Number of protein chains: 2
Amino acid sequence: MKSKKDEIGSLAVTFREHDHAKCASLLLDAARDLCAERGLRLTPVREKVLKLLLKSHAPLGAYDILAELSTSGFRAQPPVAYRALDFLVENGLAHRIEKINAFVACSQPHAKHSPIFMICNDCEQVAETSIKSQGSSLDRTARAIGFDIRHTVVEVEGLCAACRERAPL
Amino acid sequence: MKSKKDEIGSLAVTFREHDHAKCASLLLDAARDLCAERGLRLTPVREKVLKLLLKSHAPLGAYDILAELSTSGFRAQPPVAYRALDFLVENGLAHRIEKINAFVACSQPHAKHSPIFMICNDCEQVAETSIKSQGSSLDRTARAIGFDIRHTVVEVEGLCAACRERAPL
DNA sequence: GAAGTTAATGTTATATTATAACATTGTTGT
DNA sequence: ACAACAATGTTATAATATAACATTAACTTC
Ligand SMILES: [Zn+2]
Ligand SMILES: [Zn+2]
Ligand SMILES: [Zn+2]
Ligand SMILES: [Zn+2]
């Protein structure tokens, strides 16, 4: 049984001081492992896009990525970015954040999960946590009306603790 | 204390047989009342857009609305639609559904609420229900990490009961 | 390893969604 | 009537995303 502290630590490292270089490199390794296991090809563009997303916990728009790709010797037509992002999203290595039309690296790529995002409107970082869908209020309501859930979007906007301290209110 | 049946009836009428003409007219009246109470101006374009949204429980894109406006003698430049939609959304008469870049009339315009949408991928109708934010898992996680929630997006995609019956699996 | 097959990338063009900026008109309060 | 503000009209463009088709690379299977 995990302690509450563990839970917070593992789920919302984004808004806490942490060794992000390590954070990013562990996730990159995890992605490589996952692709190897599943016979997926983490091609140069795909890996590059993942690395760009892993640079920070702030999401990037498709055109931000495109711009960075073009300064790194990759082709820079929109489909290049969207295809790589599609691959990453379809395979659980990244998520799309609907509210802001942007993408983040997944912070728990192996586990099958329904992510929840907390988007700080000030520092623009995004923390990923997870829904426990079994028995949730959402799940119960859906069952009650016979709705079969295929995909869930949960995104909250607000201010992270650090930003609230910096600029109270 | 409401019964479970009441709760379902009031919250997810979308996917059930119902007198939608009545449904729409009650909501239009509610909107007029609400604007009168708050000193808001439900101008012709704004009312027309609300009526368009109230035609069904299927959401409309801004450009769908624009097209309908132009066939009704209104000006049809994008800002016309977006401004009316902004007004309706800001004042709680409509909601934007992020996942599909579209808008629906709010089904409970008086109550302050955090809506949840259930989007049927087959019939494309959307049911609105509500989060009980107090004490929810989301709320607890946010508190635990000191995140101050300003706005919540909860949208689920899947199949409604009727569509599942029509086309099993 | 040559030929066939599928997956991935390259490239051009265009579709879709949304906003900036500024001019004009209408409404409200004095 | 006048000022002040709210709403609408209008032009232009920004930002996001996909369609379609050509080319190249990778993986089979013989
Ligand atoms: Zn990190
Ligand atoms: Zn922050
Ligand atoms: Zn109805
Ligand atoms: Zn349906």
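Only this structure's heavy atoms are used, side chains among them; waters, hydrogens and symmetry mates stay out. Protein chains get the first letters and strands the later ones, always in sequence-line order, with residue 1 at the start of each. These figures come from a predicted structure and were not determined experimentally.
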- Query: Out of B:Leu40, B:Leu42, B:Asp86, which one pairs with B:Asn91 under the side-chain contact (heavy atoms from CB on, under 4.5 Å) rule?
  - Reply: B:Leu40
- Can you check the A:Asn101 CG to D:dA14 P distance for me, whole Å? 18 Å
- OP1 or OP2 of D:dA17 less than 4.0 angstrom from a side-chain nitrogen or oxygen of A:Tyr82, does that happen here? yes
- Task: Return the minimal non-hydrogen interatomic distance between B:Ser107 and B:Leu27, and the atom names on each side.
- Result: O-CD2, 3.8 Å
- Report the relative orientation of the aromatic rings in B:His18 and B:His57; use parallel for angles under 30°, tilted for 30 to 60°, perpendicular for over 60°. tilted
- Query: Does a salt bridge link B:Glu68 with B:Lys55, judged by any charged N lying under 4.0 Å from a carboxylate O?
  - Reply: yes
- Rounded to whole Å, the CG-C1' distance (B:Leu40 to C:dT28) equals 15 Å
- Euclidean distance, atom CZ of residue B:Arg41 to atom P of D:dC5 [Å, nearest integer]: 15 Å
- Selected nucleotide, minimal atom distance to B:Thr43 side chain, candidates D:dT18, D:dT10, D:dT8: D:dT8
- Task: Take atom CD of A:Glu17 as the centre, draw a 6.0 Å sphere, and report whether it contains more than 12 heavy atoms from other residues, nucleotides or ligands.
- Result: no
- Below 4.0 Å: OP1/OP2 of C:dG10 and any side-chain N or O of A:Arg83: no
- How close or far is atom C1' of D:dA17 from atom CD1 of A:Ile97, stated in whole angstroms? 18 Å
- Message: Nearest whole Å is fine: how far is C:dA8 P from A:Asp86 CG?
- Response: 12 Å
- Query: Does D:dA7 have OP1 or OP2 sitting under 4.0 Å from an N or O in the side chain of B:Arg46?
  - Reply: yes
- Less than 5.5 Å between centroids and less than 30° between ring planes, does B:Tyr63 satisfy that with C:dT16? no
- Item | Rounded distance in Å - CG (A:Asp64) to P (D:dA14) | 17 Å
- Task: Return the value, rounded to whole Å, for the distance between atom CG of A:Leu60 and atom C1' of D:dA15.
- Result: 16 Å
- Item | Distance, rounded to the nearest Å, where A:Leu42 contributes CG and D:dA25 contributes C1' | 17 Å
- Query: Within the pair B:Arg96 and C:dT17, is there a side-chain N or O less than 4.0 Å away from OP1 or OP2?
  - Reply: no
- Between B:Phe103 and A:Pro44, just flag the one whose closest nucleotide in DNA chain C comes earlier from the 5' side. A:Pro44
- Per nearest nucleotide of DNA chain C, the residue lying toward the 5' end, A:Arg75 or B:Gly61, is A:Arg75
